[in-house]
Amino acid sequence: MSAEQELLTKWRSLPQDKQEEVLDFVEFLRLKTSANKTPLGERLRQIRSLIVASGEPLLSRDEIEKEIASRRGGLQETDA
């Protein structure tokens, strides 16, 4: 069995929340090894790693948008 097949087999046996953690970790590793590392990007990756390690769930894209909107005084739609 190849490493890829073994990984998929083990990943599929995990509950969905753990599968998402694995995907988050893989994305972290991918970003960590990317060639274009800026100090800000590296600091953001460190912060993200601390959040993941703490067990605190990461926000979804919708949750991020709601958080931004709430900090800006509510959702403000414009007609464009």
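Residues: numbered from 1 along the sequence shown.
When hydrophobic clusters are built by joining Ile, Leu, Val, Met, Phe, Trp and Tyr residues whose side-chain heavy atoms come closer than 4.5 Å, directly or via intermediates, V26 is grouped together with L14. Linking ILVMFWY side-chain heavy atoms closer than 4.5 Å, directly or via other members, places L58 and I47 in a single hydrophobic cluster.
A donor-acceptor pair under 3.5 Å is formed between the side chain of W11 and the backbone N or O of Q19. A donor-acceptor contact shorter than 3.5 Å links the side chain of Q5 to the backbone of S2. Between the side chain of E63 and the main chain of S60, a donor-acceptor pair closer than 3.5 Å is present.
Scored by the salt bridge (charged side-chain N to carboxylate O under 4.0 Å, His left out) test, R71 finds E67 as partners (sequence neighbours excluded).
At a threshold of 4.5 Å between non-hydrogen side-chain atoms, the residues V22 and K18 do not count as touching. R43 places none of its side-chain heavy atoms less than 4.5 Å from the side chain of T38. K66 places none of its side-chain heavy atoms less than 4.5 Å from the side chain of L59.
In the displayed structure, E4 atom CD is contacted under 6.0 Å by at most 12 heavy atoms of other residues, nucleotides or ligands.
Among all heavy-atom pairs drawn from F28 and R45, the shortest one is CE1-O, 4.3 Å.
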- Query: Would E6 and K10 satisfy salt bridge (Lys or Arg N to Asp or Glu O under 4.0 Å), going step by step from the backbone distance to the final call?
  - Reply: CA-CA 6 Å; E6 184 177 359; K10 290 179 179 181; 3.0 Å; yes
